Every structure is written in structure tokens, then in C-alpha cells.
> 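Got a structure for you, questions after.
What you see is a predicted model; the values in this text were computed from it and never measured. By convention here, the first residue in the shown sequence is residue 1.
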Amino acid sequence: MVLDYDIIVVGGGHAGCEAASAAARMGSRTLLLTMDMSKLANMSCNPAVGGVAKGQIVREIDALGGRMGVITDLTAIQFRMLNRSKGAAMWSPRAQCDKARFSEEWRRELENTWGLYIWQDAATELLFTREGEELRIRGVKTQMGVEFSCRALILTSGTFMNGRMFCGEAMAEGGRAGDAASHGITESLTAIGFEAGRMKTGTPARLDARTIDFEALEVQEGDENPSKFSYSSDTQPVKDQLPCFTVHTSKRVHDILRTGFERSPLFNGTIHGIGPRYCPSIEDKLRTFAEKDSHQLFLEPEGRSTNEYYLNGFSSSLPWEIQWEALHAIPGLEDLHIFRPGYAIEYDYLIPTQLHHTLETKLVAGLFFAGQINGTTGYEEAAAQGLMAGINAHRKLKNLEPVVLRRDEAYIGVLIDDLVTKGVDEPYRMFTSRAEYRILLRQDNADLRLTPKGYELGLISEKRWQQFTEKKSAVESLKKFARELSIKPGDVENYLILHNSDPLTQGCKLQNLLLRTFSSFENLRTTLPKLEKFLAENNFSEEVIEQAEIQIKYKGYIEREKLIAEKLRRLENIRIPADFDFHSLQALTIEARQKLTRIRPATIGQASRIPGVSPADVNVMLVKFGR
């Protein structure tokens, strides 16, 4: 048994699994320290991956060589592309997963990753050493008394640090139902100067399908022609999809719930942590939207071989008997049996402005934070941070340049920049509205944006790289054909009449015709024999055709957004000395000096995004650091 590793990852959730996998595959001898090997990447809350903005993140993880997309495809039981009725920048993939199989596949993945070792135990103390003026991580001590040493450590503790669970007046320590809390880590961090806080989240009751009247519910099927998350050819779209269902609360249900408000730890002061505004508990909804007599809920199967259903939208920490009575008042659930009631959990997190963009802490060299410890919520946000922490921890040990994704490069870049620049005042969840460059950061082009980087890092295989280059070449070939194919007005006269569109007054290129909203390669192929012949000869995949069409239709918007991004990127190239004394720059406002001193931005671009730093303050810094 060797007790010395290059990198130790503490925590086996979504962040920890991605971090450990990436670090080991890049060549670092890695130890994953987890409290329960049977719950690796456990879906503690809803059994789904993706959604608005989150689906884009999973595509980016996959494009960089992370594993979440592949494992989602292997365990999916339903797939839907959300927002298809909107523009392509809003399309977001989402998959229901077999919860048990998702964890099993992750375990299989990690146990068969060369250079990765697993130890089942709880971390109780982080160990540090001082080299001159620098404080460095040197290892971790476990509950069993084992001391492991390392040169870099990634802490991905999720909701376990001093976790407490609440259901009405009942309170128990734990990181989630059935799992003990972790003690000692927060204390060892705050003792050396880290700033911590408390957050809370919740989960709904789990329902027994045998006691649900599905005939009374509205069915929500998956896509007729489902896609998948991973760009790899090693996975296939889901087959034999399972349906989800929708139900609605009522005034009667709300009246029952309100009878328990005085006993709710959320309202009586028992819970002090900040909860997620965008994923509120049912009691929060009743307070915030007091005028509404109904809320939509979603019943989601947790797997193919279980009767357990997740009731999305009904998170609660009310007393179990109040939950039970309210659920029985919902049509279709009159004879319901529940496997367990909903509960809230309160846990420690570390203020993320204490991090560099690499996710390494500013206070301790070699120590990285990833996942909910940084104040985020969601499997996808956690996995993205874990992947980037694993990459940067490995590259730090090899004395290589860190990998920091820009805001115009990936949603992952937006996520991390928001955390380390702005901090959090509630559990952070990614939305498309948080990104300035949504047209550039689409789910369909994540591979074009990030696969070259993943290949350079060594996380993309030669086989996968070959597939990528072939796809990219095919897209360019189809776009070239659309630029060059000339169309006469008579060629498409009937086609335009059919779609109630203005006729052509002169000839044009195919790409110009595709700019019309209703036009597509697919519905033009029967009208244009040359197009039909070209598509048939090349046998383009749907993915290639869709990608070429989006690039043609959005070309003007894409070029404009790239131009804006390029202008703003200049501010990212003006660096601020790490030890600069902002208080010496009297032309800055007092608030700006205080905020800049606390966060210590690396560039003027980052400084400009700090709340409280005005455009006038930015101009002062431009003069100081060299316009």
C-alpha cells in the first residue's frame, strides 16, 4: 500500500469523479477518497442530466474529454431536446437516467482507469506545510487514522461538510439521507484563514409507482428521434424510452401545506443557510407566488428496474405527515405510498472569490476546490468544475500553463469566472442568460469549440480526434456547396409559393435561400436535384447537416458576437500585478478599492466584472496599467 500520490481527490460526487478521472488519464498518480464506493457520482436529487444551459455544459465536458456525457448516454431512459421551438442558441439537451446504473457505470469507469486508486474512508483533516512564505497542501488525514500525502489536493465535499438534514422538527446530521456528515475539514480550513458560509438545498419525497394512478396523469414522452450527449461514436441514442408524467397542485393542496408552515425549519429560523432561488421548495413557492392556486409538478422514473419515482417541483422540509396529507390531495396520488419524505439539508461552503480561475485556492498552493463547496448547485456545474480542477492540478505539477476557458469560449468559462469574480449570495445555477455570447456557446458546436483543446490535453483519443476532423471537414464541405450552388428563380418558384414566401426576383446562392426561416437542406433537397445528389453522394449525418445549416443561418449574428468578444478580450490581456496595492490608487472609489483588494483580479477584464467596480474605475486602471 502506497500512501503517497501526485493528486488526491476528496469526495466521490460528480465533481470528484470527473477530477479523478481527468487527472489520472493525463498521467498523475491519483487517489480518490470517498465515503462510499457504492455511491460514486450518486444522483442525490433528481435522476436527470442536462436542461437549459446545463445541457450545454455537459456537451462541453464531453468535448474536453470528460465522462459525464458518455455515462449519461449509457444509462439514459429518456432524452428530450428542450426549447426546439426557439433559436438554436437556446436548444438544450436533457436526459432522464437510470439512477443506479449511472453510479455503477461511473464506478466501472473509475475502477478501470489506469493510475487511479480508490480508498473508502472519510477525510477529517487537511494537512499543510509552509515553504518560506508559501503555505502548501501536503496531504489528508482520514477517520481511520490513515495519512495520505500528495502534491495537489482537490476538495469536492458536496453537501457533506457539517451537513444537517431537516424534516419538520426532526433534525439529523448527514450529507444526504443514509450518509453521515463530514466533520473537521471546514475547521481545518477556517483555522488557517479561509472564509466559510452556510447554504441549504432540498429534495422531494420519493413515490412508489405501484400506488400511483397513471391513467389520471398527463404523459410526457421523450423525443421521437432522440439525440445523445456525447459526440463520441462509442454511445448510441436511447432506445425504449420511459415516459415522465405531469400533475398539478391545487388550492386544497396549498391549504394543507400552509398548516405546517409554523413547524417548517425554513420559516421558523432553524435553518440559517441560503437556499436556491431558482429551484425553490414547495413552501417557498407558496410564499413567493401566494396568488397562484396551482403549480405544475413532474413525475420522473428513477430507473428501469425500480418502482421509485421522483416528484420534481415538490422539494420540502415540512413535517412528513403534512407532506403525506398534501400529496394524497393531488389527483392520481390519492392512494400513494412514499418511500421517504422530502427533507432540507444545510451544509458548509467556501467563499469562491478565494479561488484563482484555475480553481486553486489563493491561500494554499496546490489546494483546489470544485463543486458545491464553491456555492454551486447541480450535477453539471459540479462536474465541470471537477474536470477543470483535475486538468489544472495535473498541469501545475508538470509546470505547464493552466487551462482557463474564456467567457466567449464556454459556459464552463462563464461559470468559473462568475464564481471567482462575483462570488455567490445563493446556490449558483447556470442559465443561458448569464452568458453574454449565447450565439457562440451553443450545445451543437461544443465539439468545434473545445475538442482541439481536449485533444491537446490528452483527454481525447486518436479515434475520437479522427471522427472530429472528419465531421469538421464534412461541415465545411456542405457550407462550401451552399455558397457555390446557384439557384434560378424558376428552380424554387413552387417551393416558395408552398411556404407563402416572396418569390426570387433574381438568381441567388443556396446559402442565401437558407436564410429564410422555413428553409432547410432537408426540405429543399426534393426541390433541388443538385442538392439531393450532393447529399446522397456524401451521406452526411444529421449532425453534420444541422451544424452546417445553423452556421449558415446564424452567420451574421455569430460574426457580430465574435467581434464584440474580441474587443472585450483586449481587457483580459492587460494583467494586474498580483501584489498591487489598490489602496494606493486614490482615483479609484473607496468601494472599488475594497472590492479589488478582497478579490484581487488577475486582469482588468476580470476587474470590470466585479460588482461595485464602475466604468470610471476601469478607466483609471487602464491608465495605470497601460492603455
> As a quick check of understanding, evaluate side-chain hydrogen bond (donor to acceptor under 3.5 Å, both in side chains) for E470 and Q466, giving each step before the final call.
CA-CA 6 Å; E470 289 173 359; Q466 182 66 29; 3.1 Å; yes
> Going by the angle between their ring planes, with limits at 30° and 60°, are F229 and F79 parallel, tilted or perpendicular?
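Perpendicular: the ring planes of F229 and F79 meet at over 60°.
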> Would you say D62 and S230 are linked by a side-chain donor-acceptor pair, where the criterion is simply a distance under 3.5 Å?
yes
> Would you check if there is a donor-acceptor pair between the side chains of T377 and Q372 at a distance under 3.5 Å?
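No, no side-chain donor-acceptor contact under 3.5 Å.
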> Distance under 6.0 Å and angle within 45° of the ring axis: does R407 meet both against Y437?
no
> With no hydrogens and no angle check, do the side chains of E572 and T603 hold a donor and an acceptor under 3.5 Å apart?
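Yes, side-chain donor-acceptor contact under 3.5 Å.
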> Against E546, only a single residue in K471, R442, R84, K553 fulfils salt bridge (Lys or Arg N to Asp or Glu O under 4.0 Å); can you say which?
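Of all the options given, the one that passes is R84.
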> Ignoring hydrogens and geometry beyond distance, is a side-chain donor-acceptor pair present between T432 and Q56 at under 3.5 Å?
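No.
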> Looking at E218, E221, Q96, which one forms a side-chain contact (heavy atoms from CB on, under 4.5 Å) with C244?
Q96
> Counting only heavy atoms not in K472, do more than 12 sit closer than 6.0 Å to its NZ atom?
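No.
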> Would you say the side-chain atoms of Q467 and S232 include a donor-acceptor pair closer than 3.5 Å?
no
> Quick one: do the N374 and Q385 side chains pair a donor with an acceptor below 3.5 Å?
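Yes - a donor-acceptor pair under 3.5 Å links their side chains.
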> Kindly indicate, with the supporting measurements, whether the criterion ring pair (Phe, Tyr, Trp, His ring centres under 6.0 Å) is fulfilled by F214 and Y309.
CA-CA 12 Å; F214 288 102; Y309 269 70; 5.4 Å; yes
> Would you call K453 and E456 a salt bridge, taking side-chain N to carboxylate O under 4.0 Å as the test?
no
> Judged by modelled atom types alone, do T421 and R609 share a side-chain donor-acceptor pair under 3.5 Å?
no
